[in-house]
Amino acid sequence: MHASLPIPSDDALRHSQQLSQLLAREITAQGGAIAFSRFMELVLYAPGWGYYSAGASKIGAAGDFTTAPEMGGLFAATIARAIAPVLAQIGARAQVMELGGGTGAFAVEVMRALQALEALPARYAILEPSADLRQRQAERVAAQLPAELAARVVWIDGPIEEDWDGIVFANEVIDALPTPRFVIVDGQVHEETVRLGPDGRFVASSAPADVMLERAVRHIEKDLGQCFADGFRSEALMQLPYWVQAVAGGLKRGAMLFVDYGYVRREYYLADRDQGTIRAFYRHQVHNDVFAWPGLQDITASVDFTAMAEAGTGAGFELAGYTNQASFLLGNGIDQALLQAEELTDEVGRVALREQLKRLTLPSEMGERFGVIGFQRDVDFEPAFALGDLTWRL
C-alpha cells in the first residue's frame with residue numbers, strides 16, 4: 001500500500017502507535033466510529049501527538065513538503081508588492097495577520113520587502129497553533145530581522161477580535177482544515193466515518209449524514225446542476241464560512257489573501273474525481289493511504305475556490321479577484337523582485353533564483369496547481385488581480 005515510502009524510525013513509530021491508541025479509544029467511546037473530519041483533526045492537531053502539535057520537522061528538505069516561502073524570498077517579495085498598496089491606503093495603523101507561519105521564512109522576507117517598499121505595518125501578528133513551529137518562527141525572526149523590525153512581529157493565540165485594519169494572509173492553510181467527507185449511497189448523502197477493522201487497523205465506513213452535511217452537498221449539486229452518482233465520494237468543508245468569519249475577526253477595513261492548491265467547484269467535483277482530493281504527504285511523497293502512521297504524515301484536501309468565494313462574500317467582503325499563482329506573481333512584479341535579488345548575489349545564486357521562479361510559476365510546478373483568491377472591504381485590492389483574473393470561472 002505504501003511500500004515505496006521510507007520506513008519511519010522506531011521512535012517515530014512508537015509515537016504513531018501512541019496516537020493510534022488515542023484514536024482507538026475515541027472510536028470506542030463514540031460507539032465504534034468517528035467522523036473522518038474528527039479523525040483528521042486528531043491526527044493533525046491532538047495536543048502533544050498530532051502532526052502539527054509534535055516536534056518533528058515538517059517543512060522543507062528534512063520534512064514532508066515544501067511550501068512557496070521555503071524556496072526563497074521571491075514569493076514573499078511579490079506578495080509584499082501586492083499588499084503594499086492596501087497597507088498604504090490604510091496608513092500607519094495597518095496590521096498584517098498571517099495564519100500559520102510555517103518556519104517563519106515568509107514573515108522575515110515579507111517584512112524586509114515591505115520595509116523596502118516603505119509600507120511596513122504597525123504590527124505583524126502570526127497566528128500559529130503549533131508551539132513547536134511558533135518557537136522556530138520566533139528564533140528565525142530574532143536571528144534574521146533587525147531589532148526594529150523584529151519588535152513589530154508578535155504571536156497571537158486567536159484571531160484579532162478588537163476592531164482593526166489591515167491584511168489577513170494565509171498560504172497553504174485551508175487545505176489542512178479538518179474536512180467532512182461524504183459518499184452517495186442509494187441517492188442519499190452519507191458521511192464517511194473511521195472505525196477499527198478486524199485487524200485493529202483504521203478503515204473507512206459511512207453513516208447517514210446529519211442535516212448540515214446533507215444541505216452542503218445538496219447545495220453543491222444544485223450549483224452544479226446535477227446530482228452525484230451512487231458511490232461518488234468527496235469533501236465538503238461546510239464549516240468554511242464560519243472559519244472565514246472567525247479569522248477575519250474584527251477586521252473593519254482591509255483585505256484577505258489566500259493561496260492554496262485547489263479547483264473551482266465544477267472541476268473539484270468532476271465525475272472522474274469520484275474519490276475526492278484527500279491525500280497524505282510523507283517525506284516529499286504523495287500517496288492515498290491517509291490511515292498510515294497517524295501523526296507522522298500530513299493529510300490535506302484541495303480547496304474548493306467557489307466555496308471560498310461564497311464564504312468570503314458571505315462574511316461581508318467583496319471578492320477582489322481570483323487567479324492562479326503564476327498570473328498573480330507575474331502580475332505583481334515577481335520579475336522585478338528577481339532582478340533586484342539577482343543584483344545581490346553571484347552566478348550560483350542567480351541560477352538558484354531562476355530555478356525558484358520556475359517552480360513558483362511553471363504550469364507543471366506550482367504555477368497553475370495553486371490558486372490565489374482575495375477579498376476587500378473599503379480598500380481597492382483589485383489591481384493585484386489585474387493579470388489573468390479568473391473570477392468568471394468561479
Side-chain angles (χ1 to χ4, degrees), residues 59 65-84 86 96-110 113-114 124 126-128 166-177 237 240 243-244 247-248 254-264 267-268 277 281 298 300-309 311-312 317 319-334 337 356-363 365-376 381-391 393-394:
I59 306 169
F65 55 90
T66 299
T67 62
E70 307 307 319
M71 297 177 189
L74 291 181
F75 180 80
T78 310
I79 296 296
R81 288 170 174 266
I83 66 175
V86 174
V96 173
M97 181 176 72
E98 182 185 0
L99 307 178
T103 65
F106 180 84
V108 167
E109 295 298 337
V110 82
L114 289 172
Y124 189 98
I126 301 177
L127 175 51
E128 176 56 68
I167 304 282
V168 173
F169 174 75
N171 179 65
E172 292 196 55
V173 170
I174 304 165
D175 62 81
L177 296 178
L237 191 57
L240 190 58
W243 182 83
V244 170
V247 298
M256 300 190 295
L257 181 63
F258 302 98
V259 183
D260 225 311
Y261 46 83
Y263 313 93
V264 296
E267 294 176 359
Y268 196 109
T277 70
F281 288 80
D298 194 14
T300 73
S302 295
V303 174
D304 174 357
F305 278 102
T306 303
M308 273 301 300
F317 291 81
L319 179 63
Y322 162 71
T323 190
N324 59 49
Q325 180 171 291
S327 293
F328 187 83
L329 295 178
L330 292 168
N332 286 284
I334 194 171
Q356 188 184 148
L357 177 68
K358 290 178 182 178
R359 292 187 66 186
L360 291 170
T361 59
L362 284 179
E365 296 284 348
M366 302 176 76
E368 291 187 1
R369 291 191 298 110
F370 279 68
V372 185
I373 193 166
F375 301 92
Q376 60 190 24
F381 194 32
E382 292 182 13
F385 294 88
L387 181 65
D389 186 34
L390 299 174
T391 301
R393 297 186 62 203
L394 293 169

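Note that these values count all heavy atoms, side chains included, but never hydrogens, waters or copies made by symmetry.
Side chains of Phe375 and Val168 form no contact here, defined as non-hydrogen atoms less than 4.5 Å apart. Val303 places none of its side-chain heavy atoms less than 4.5 Å from the side chain of Ile373. The closest side-chain heavy-atom distance from Leu74 to Leu357 is below 4.5 Å. The shortest side-chain heavy-atom distance between Gln356 and Arg359 does not fall under the 4.5 Å cut-off.
No donor-acceptor distance shorter than 3.5 angstrom exists from the side chain of Gln376 to the backbone of Ala320, with no hydrogens or angles considered. With hydrogens and angles ignored, the 3.5 Å screen pairs no side-chain donor or acceptor of Asn171 with any backbone N or O of Asp260. Checking side-chain atoms of Thr277 against main-chain N and O of Ala301 turns up no donor-acceptor pair under 3.5 Å.
Scanning all heavy atoms of the two residues, the minimum distance from Ser327 to Thr323 falls at CB-OG1, 3.3 Å. Smallest separation of non-hydrogen atoms from Leu329 and Thr78: O-CG2, 3.4 Å. The two residues Met97 and Val247 have their closest heavy-atom pair at CE-O, 3.0 Å. Between Gln325 and Val372, the shortest heavy-atom distance links the atoms CA-CG2, 3.8 Å. Of all the heavy atoms in Ala77 and Ala113, the pair that sits closest is CA-CB, 3.9 Å. Among all heavy-atom pairs drawn from Leu99 and Val173, the shortest one is O-CG2, 3.1 Å.
Leu127 contributes atom CG, which lies 10.0 Å from atom CD of Glu98 (distance to the nearest 0.5 angstrom). With values rounded to the nearest 0.5 angstrom, Phe258 atom CZ is found 13.0 Å from Asp175 atom CG. A distance of 11.0 Å separates CD in Glu70 from CZ in Phe106, rounded to the nearest 0.5 Å. Expressed to the nearest 0.5 Å, how far CE of Met256 lies from CD1 of Ile83 amounts to 14.0 Å. Considering CG of Leu114 and CD of Glu109, their distance stands at 11.5 Å, rounded to 0.5 Å. Atom CG in Leu390 sits 9.0 Å away from atom CD in Glu368 (nearest 0.5 Å).
Listed by chain and number, the residues in a side chain to side chain donor-acceptor pair (under 3.5 Å) with Glu365 amount to none (sequence neighbours excluded). Partners of Tyr268 under the ring-ring contact (aromatic ring centres under 6.0 Å, His included) rule, at least two apart in sequence or in another chain, do not exist in this structure.
By the 30° and 60° cut-offs, the orientation of the rings of Phe75 relative to Phe169 is tilted.
Taking the six-membered ring for Trp and the full ring otherwise, the centers of Phe385 and Phe328 sit less than 6.0 Å from each other.
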Step-by-step side-chain contact (heavy atoms from CB on, under 4.5 Å) determination, Leu394 to Leu319: CA-CA 11 Å; Leu394 293 169; Leu319 179 63; 3.7 Å; yes
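Thr300 and Tyr261 share a side-chain donor-acceptor pair at under 3.5 Å.
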